[in-house]
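The structure under discussion appears below in the form of structure tokens.
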Amino acid sequence: MQDEPTPTELIKAVADFLRTEIAPAIKGHNSFKLRVGINALDLVTRQLAFAEAGDTTEAARLKQLLGADGTVMELNGALSAKIASGEVDLNTPGLSEHLWQTTMDKLAVDQPNYASYKRELGNK
């Protein structure tokens, strides 16, 4: 195990190299495929940076909302079942806030340049 560079730093360095050195020299369909690859590397970088904290806070909200313990996947399954059965709906205290924050956390990783996401960040 190495201390430096971190996996995030390595992935970012590769993405930056491809973006600045390789992308300008490639044309046509290969240019498109390269941009897809760079976007995938950028997504992995954001996942490494934000996903664990997002999962932790999402699990804490779910535990409070459901009054139960479990993994994020288990708790999301339980919440989905309660919504499907009508036991929980948008009138349930904390649900709409949970759904909103979960959506914002996921957009921070998946689509941080999405115009509506940026607008909502500015409204805070």
Side-chain angles (χ1 to χ4, degrees):
M1 178 191 295
Q2 298 294 318
D3 293 329
E4 297 290 330
T6 66
T8 300
E9 291 168 335
L10 288 169
I11 294 167
K12 184 178 179 330
V14 170
D16 289 344
F17 169 75
L18 293 172
R19 186 179 292 111
T20 59
E21 300 293 325
I22 305 301
I26 295 180
K27 304 291 180 222
H29 189 66
N30 283 335
S31 176
F32 169 76
K33 291 192 291 187
L34 177 62
R35 287 193 315 273
V36 169
I38 292 168
N39 287 340
L41 291 171
D42 289 341
L43 175 62
V44 170
T45 300
R46 291 188 303 271
Q47 286 176 333
L48 289 170
F50 302 122
E52 185 175 338
D55 285 350
T56 299
T57 57
E58 181 180 0
R61 288 191 309 271
L62 285 164
K63 288 174 185 178
Q64 182 176 9
L65 190 62
L66 297 169
D69 202 7
T71 67
V72 172
M73 187 170 285
E74 292 166 343
L75 293 168
N76 273 315
L79 178 60
S80 296
K82 287 179 182 275
I83 291 170
S85 73
E87 184 179 342
V88 171
D89 61 23
L90 288 177
N91 293 317
T92 302
L95 179 62
S96 62
E97 294 83 2
H98 165 72
L99 296 173
W100 183 256
Q101 189 58 55
T102 300
T103 299
M104 293 298 286
D105 290 348
K106 290 182 184 304
L107 285 171
V109 173
D110 191 50
Q111 295 292 326
N113 293 317
Y114 183 52
S116 295
Y117 169 74
K118 286 182 161 184
R119 183 182 65 240
E120 290 304 316
L121 283 180
N123 289 333
K124 284 188 170 185

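All values derive from a computational prediction rather than experimental measurement. Excluded from the calculations below are hydrogen atoms, water molecules and symmetry mates; all remaining heavy atoms, backbone and side chain alike, are included.
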* Point-to-point distance, once rounded to the nearest 0.5 Å, from OG1 of T6 to CD of E4 -> 6.5 Å
* Least distance between heavy atoms, Y117 atom then P112 atom -> CD2-O, 3.5 Å
* Structure fact -> dist D55:CG -> M73:CE (nearest 0.5 Å) comes out at 9.5 Å
* Asked: Linking I/L/V/M/F/W/Y whenever any side-chain heavy atoms sit under 4.5 Å apart, do L48 and V14 land together?
  -> yes
* Quick one: are L65 and L95 in side-chain contact, heavy atoms under 4.5 Å? -> yes
* Do L41 and L34 sit in the same hydrophobic cluster, where Ile, Leu, Val, Met, Phe, Trp and Tyr count as joined when their side-chain heavy atoms come under 4.5 Å apart? -> yes
* If two hydrophobic side chains count as joined below 4.5 Å and joins carry through other members, does F50 share a cluster with L107? -> no
* Asked: Do the side chains of L43 and Y114 join up, straight or via other hydrophobic residues, at under 4.5 Å, putting them in one cluster?
  -> no
* **side chain to side chain contact (heavy atoms under 4.5 Å, CB included) against S96, all qualifying residues, sequence neighbours excluded** => L90
* Asked: Side chains of R61 and E97: closer than 4.5 Å at any heavy-atom pair?
  -> no
* To do: Report yes if some heavy atom in the side chain of F17 is under 4.5 Å from a heavy atom in the side chain of I22; otherwise report no.
  => yes
* Structure fact -> When rounded to the nearest 0.5 Å, the distance separating CG of L18 from CZ of R35 is 13.0 Å
Donor-acceptor contacts under 3.5 Å from residues 75-86 side chains, at least two apart:
residue : atom : partner : partner atom : Å
N76     : ND2  : E58     : OE2          : 3.0
N76     : ND2  : V72     : O            : 3.2
S80     : OG   : N76     : O            : 2.9
K82     : NZ   : E87     : OE2          : 2.9
S85     : OG   : A81     : O            : 3.4
S85     : OG   : K82     : O            : 3.1
S85     : OG   : E87     : N            : 3.3

* **For I26 against S31, the heavy-atom pair lying closest together** => CG2-N, 3.3 Å
* **T57 vs Q101 side-chain heavy atoms within contact, under 4.5 Å** => no
* Asked: Side-chain heavy atoms under 4.5 angstrom apart, residues restricted to Ile, Leu, Val, Met, Phe, Trp, Tyr: same cluster for V109 and M104?
  -> no
* Smallest separation among heavy atoms of E74 and G70, with atom names -> OE1-CA, 3.3 Å
* Asked: More than 12 non-hydrogen atoms from neighbouring residues, nucleotides or ligands closer than 6.0 Å to CD on Q64, yes or no?
  -> no
* Any salt bridge (charged side-chain N to carboxylate O under 4.0 Å, His left out) pairs touching residues 23-33, not counting sequence neighbours? -> none
